[in-house]
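What follows is a set of notes on a single structure, which appears directly below.
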Amino acid sequence: MNPRRLALIRSGETGEGRITIGSGYLVAPRLVLTARHVLENRDTGEFWPHVSVHVGHHREGGTTRVAAEPLWSHPDGLDVALLRIDREINLSGSVRWGRPAGTAPLPYVGLGYPWAAKGETREPEYLRGVLPLLSGGRDRYVLDQGPAPAPRSGGGNAWGGASGAAIFCDGHLVGVVTQEDLAYGARRLIALPVLSFAGDGGFVSHIKEETDELPEVSAIGASLPLAGPQAGRTLAERELERLLGPLFPYPGTRMDQARALARELGYDSEGYEPSAADLVALLMAHPRALASLGEIVASSAQGAVRDALTELFARARAFECATLLSVNEYEDLLGLLRPVCEKRPALLPQAAREAFRHLVLPEILTRPQLSEDDLGGVIEGMEELADSEGVPQGTPPVPALLRLVEYVAAAVEDGLGGALRAWSGTTAGRLGIHAGALGERRADAARWAKRPSSPVSRVVMELEHEDIDGNDRYRSRILLVRDDGSYRVLEAKSVPKTPREVASSLREAVFAVGQEAGQGDQVPWVTVVVDRDRLHMAVDEWVPGEPDGILPVWPIGADYQVSLSCPELNAQFRDRESAQDRRWKNGRASVLVTGPECGEGSWLVYLLKNTHRDTARVVLHGPADERRSSLLVCLALGVPVVLWDRDAIGYEDAGRLENLAPDDDLEGLPERVRDFRGGSVTCPEQGRAQPSLVWEPEDRLPRAESLRLTDPSRGMCAS
């Protein structure tokens, strides 16, 4: 890695104040490698027309400012691009391209310009950490960053600006940073492997034209770590060496098992003759090494060796370098869970919520459903948590991951369920967990799986508005409310999202409902909880996902019965809930349709307190400003159902709602609104109504925030 090749990239419309900051690397005299999204207008998906680049490092001769333009991006949409700068910058040496080989983790380095390193100007940050090859997925390297910033307040991206940074292993460029994994609290980055794009014809031709060389990708293997001088070893390393001593009564045993471990971790163990300190260095270098060594030793351990092994596992958490699972256990569990995700993508989050009602789960398990690519994050997140409930005194606690596996096993068919239970039992045996403790978890899981599940009657999506750089963003929280009144948090309060991203989350939630036991074909009602300032927001027009060119754009209000709720007013008007109960009980058949005479708020208050004291439904007409104040009057006085046309100009537009039969049967109104919204998409007409519906449910919605406790053995866990 040459610091003089570092690039700071600015793209956007300077006049409008919309600037994107990113990183890059000069891979040829006129070519800068970066991430595609650094150059994109997120609203249109097109490249920004203005791009400038500062090449160099302030400690290595300063920087040079050049103009640039996008030259190449990957034809399959991978997040990588080449910029052509407007003049040559000739530096000694050339870029070597590489791909990590084997399974052993590799140290990496890089340079970028993250938001967290921002002072008066953007300052470079030296990236370094470990690239664990067994984590990640297709077209995806995981980067476990050493020094890491605190997560950015407000849900922002602490590493924003590091996108496009080149990542090097053993002097070879192996990947390009594309994103931050928020589930890991700013401690993990994601990179696109060089191997994913170095073979593309367009990329190859541009590199060949500029350098007269082909971008040949070399395999890079990790070297076996060796112990340093005695004086430089940490307290953890010395303690680990002490705990390992009883496992190997004979030096030859240690040597044989250390070689077996090295091979399992993906190293070439030819001629490897480690000392006890060298073995510790190997264990400290690979997060799954300690568990893998334990797996090798446990196969023949008895008596004192077995006891020493149990003590080692019990204290391994203190070293902060050891994961729960070995390499083999991790790979085996991935293989067992893949068909679960394929057939029942909502099962893992559902089982986690049921198994750990008072535990702050990893963020990835708050999603409505999971894919195969999410499994690594699930396993790694759950490995960090403990299930500290009653076990026989003096024996290790059951890990949270094993309890989750037991719940999943109880919910799937016998063959796969049996294989998952066998995996759990073998892993528990290796860890020295008492059979009775695991049996308790297995029994709990069986009872849960046999319990009939009440169908979901309503999906509740809470929205909290944020203005970020002049753009509307929303934090969302999604709950599933069942017929029996119970509920489950499907998505905890999210990072700020665009309306399209929120709608996509809702679509996933509705899909997850369809996977619930006993749900059948029933499509739940979607209640969108907003504050008073967002009651006139056209949430029903939000469209999930990107247009696919096959199906027409279809808003959520045309797919689901979408209505609004504003429980925020309950705190200000304490008799509102009792008024809603009275109106639901006595006024279901009564309707108040406003006219010009209701233009004064006092007259509407009079009607709702006297002749329409029990009316449950109000249809609002009139000018927009008048409707806004009338709506708040209705809601404050406990009217549970309010319908209006948000595009109406005045009372003359009242007839636009007639096709909805607004004063017909109350129970059918939400479906009539949904059908009308679908018709508006199918046959858009000028002057067609845009109905908004507030419907405060008869049964109370869950409170805005639920109590969330943490495992007392772990303290506050990151989620």
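We use all heavy atoms of the structure for the numbers below, so side chains are in, but hydrogens, waters and symmetry mates are not. Along the sequence shown, residues carry numbers from 1. Quick caveat, the model's predicted, so the values are computed rather than measured.
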(request) With side-chain contact (heavy atoms from CB on, under 4.5 Å) as the test, would you mind laying out the steps for L336 and W423 before giving the verdict? (result) CA-CA 9 Å; L336 291 169; W423 178 93; 3.8 Å; yes
(request) Could you tell me whether the side chain of C566 reaches within less than 4.5 Å of the side chain of V529, counting heavy atoms only? (result) no
(request) To the nearest 0.5 Å, tell me how far E354 CD sits from L347 CG. (result) 10.5 Å
(request) State, to 0.1 Å, how close W159 and P114 come at their nearest heavy-atom pair, and which atoms those are. (result) CE3-CB, 3.6 Å
(request) Determine yes or no for a side-chain-to-main-chain donor-acceptor pair under 3.5 angstrom, with E40 supplying the side chain and R42 the backbone. (result) no
(request) Kindly confirm or rule out a cation-pi arrangement of R430 over F313, judged by NZ or CZ under 6.0 Å from the six-membered ring centre and within 45° of its axis? (result) yes
(request) Might you point out which heavy atoms bring I433 and P399 nearest each other, and give the distance in Å? (result) CD1-CD, 3.2 Å
(message) Within this structure, what is the CG-CG distance for the pair L333 and L402, rounded to the nearest 0.5 Å?
(response) 9.0 Å
(message) For the CD1 atom of I364 and the CE atom of M382, what is their distance to the nearest 0.5 Å?
(response) 12.0 Å
(message) Using side-chain contact (heavy atoms from CB on, under 4.5 Å), reason through Q179 and L189 one step at a time and then give a plain yes or no.
(response) CA-CA 6 Å; Q179 65 185 92; L189 299 172; over 6 Å; no
(message) Ignoring hydrogens, what is the shortest heavy-atom contact between G112 and L127? Give both atom names and the distance.
(response) N-CG, 4.5 Å
(message) Looking at E466 and R475, is any side-chain nitrogen of the basic one under 4.0 Å from a carboxylate oxygen of the acidic one?
(response) yes
(request) Determine, stepwise, if the pair R36 / D79 fulfils side-chain contact (heavy atoms from CB on, under 4.5 Å). (result) CA-CA 5 Å; R36 178 189 167 98; D79 194 2; 3.4 Å; yes
(request) For the residue pair R534 and H465, confirm or rule out a side-chain donor-acceptor distance under 3.5 Å. (result) yes
(message) Checking E462 against Y474: is there a side-chain donor and acceptor pair closer than 3.5 Å?
(response) no
(request) Establish, from distance only, whether the side-chain atoms of R288 and S326 form a donor-acceptor pair under 3.5 Å. (result) no
(request) May I ask you to say whether R403 pairs ionically with D444, meaning some side-chain N is under 4.0 Å from a carboxylate O? (result) yes
(message) For L463 versus S476, what's the shortest heavy-atom pair and its separation?
(response) CD2-CB, 4.0 Å
(request) Kindly say whether T498 contributes a backbone atom to a donor-acceptor pair with the side chain of E501 at under 3.5 angstrom? (result) yes
(message) With a 3.5 Å distance limit and no angle check, can you tell me whether S424 reaches the backbone of L420 through a side-chain donor-acceptor pair?
(response) no
(message) Can you confirm whether L131 sits close enough to V142 that some side-chain heavy atom of one is under 4.5 Å from a side-chain heavy atom of the other?
(response) no
(message) What I want to check is whether the side chains of W525 and S563 have a donor and an acceptor closer together than 3.5 Å.
(response) yes
(request) Verify side-chain contact (heavy atoms from CB on, under 4.5 Å) between T527 and V459, making sure each step is shown before the conclusion. (result) CA-CA 6 Å; T527 294; V459 175; over 6 Å; no
(request) Could you tell me whether the side chain of R500 reaches within less than 4.5 Å of the side chain of P544, counting heavy atoms only? (result) no
(message) Between R442 (side chain only) and R421 (backbone N and O only), is there a donor and an acceptor less than 3.5 Å apart?
(response) yes
(message) Would you say that more than 12 heavy atoms from the other residues, nucleotides or ligands in this model lie under 6.0 Å from the CZ of R338, or not?
(response) yes
(message) Check whether S23 reaches the backbone of G161 with its side chain - one donor and one acceptor, N or O, closer than 3.5 Å.
(response) yes
(message) Measuring only between side-chain heavy atoms, which start at C-beta, is V510 closer than 4.5 Å to Y560?
(response) yes
(message) I'd like to check L290 versus T323 (side-chain heavy atoms, cut-off strictly below 4.5 Å). Are they in contact?
(response) no
(request) Working to the nearest 0.5 Å, report the span between CG of L265 and NE2 of H286. (result) 4.5 Å
(message) Between T178 and H37, is there a side-chain donor-acceptor contact under 3.5 Å, judged purely by atom types and distance?
(response) no
(request) Find out whether V340 and E342 are in side-chain contact, i.e. whether some heavy atom of one side chain is under 4.5 Å from a heavy atom of the other. (result) no
(request) Identify the two heavy atoms, one from C341 and one from E372, that lie closest to each other, and give their separation to 0.1 Å. (result) CB-N, 4.2 Å
(request) Can you measure from CD (E508) to CD (Q369) and round to the nearest 0.5 angstrom? (result) 5.0 Å
(request) Locate the shortest heavy-atom distance separating E329 from L324; write the atom from each residue and the value. (result) OE1-O, 4.2 Å
(message) I'd like to know if the side chain of S196 reaches the main chain of L192, judged simply by a donor and an acceptor atom lying under 3.5 Å from each other, with no hydrogens or angles considered.
(response) no
(request) For residues P105 and L133, determine if any side-chain heavy atom of one lies less than 4.5 Å from a side-chain heavy atom of the other. (result) no
(message) Using only atom types and a distance under 3.5 Å, with no angle test, would you say the side chain of W542 pairs donor to acceptor with the backbone of I556?
(response) no
(request) Kindly say whether L325 contributes a backbone atom to a donor-acceptor pair with the side chain of E383 at under 3.5 angstrom? (result) yes
(request) Measure the spacing between CG of L506 and CD1 of I478 and express it to the nearest 0.5 Å. (result) 6.0 Å
(request) Compare all side-chain heavy atoms of V543 with those of E541 and state whether any distance is below 4.5 angstrom. (result) no
(request) Answer yes if the side chains of E380 and Y330 hold a donor-acceptor pair under 3.5 Å, and no otherwise. (result) yes
(message) Between D181 (side chain only) and R188 (backbone N and O only), is there a donor and an acceptor less than 3.5 Å apart?
(response) no
(message) For D467, I'd like to know if atom CG has over 12 heavy atoms of other residues, nucleotides or ligands within 6.0 Å.
(response) yes
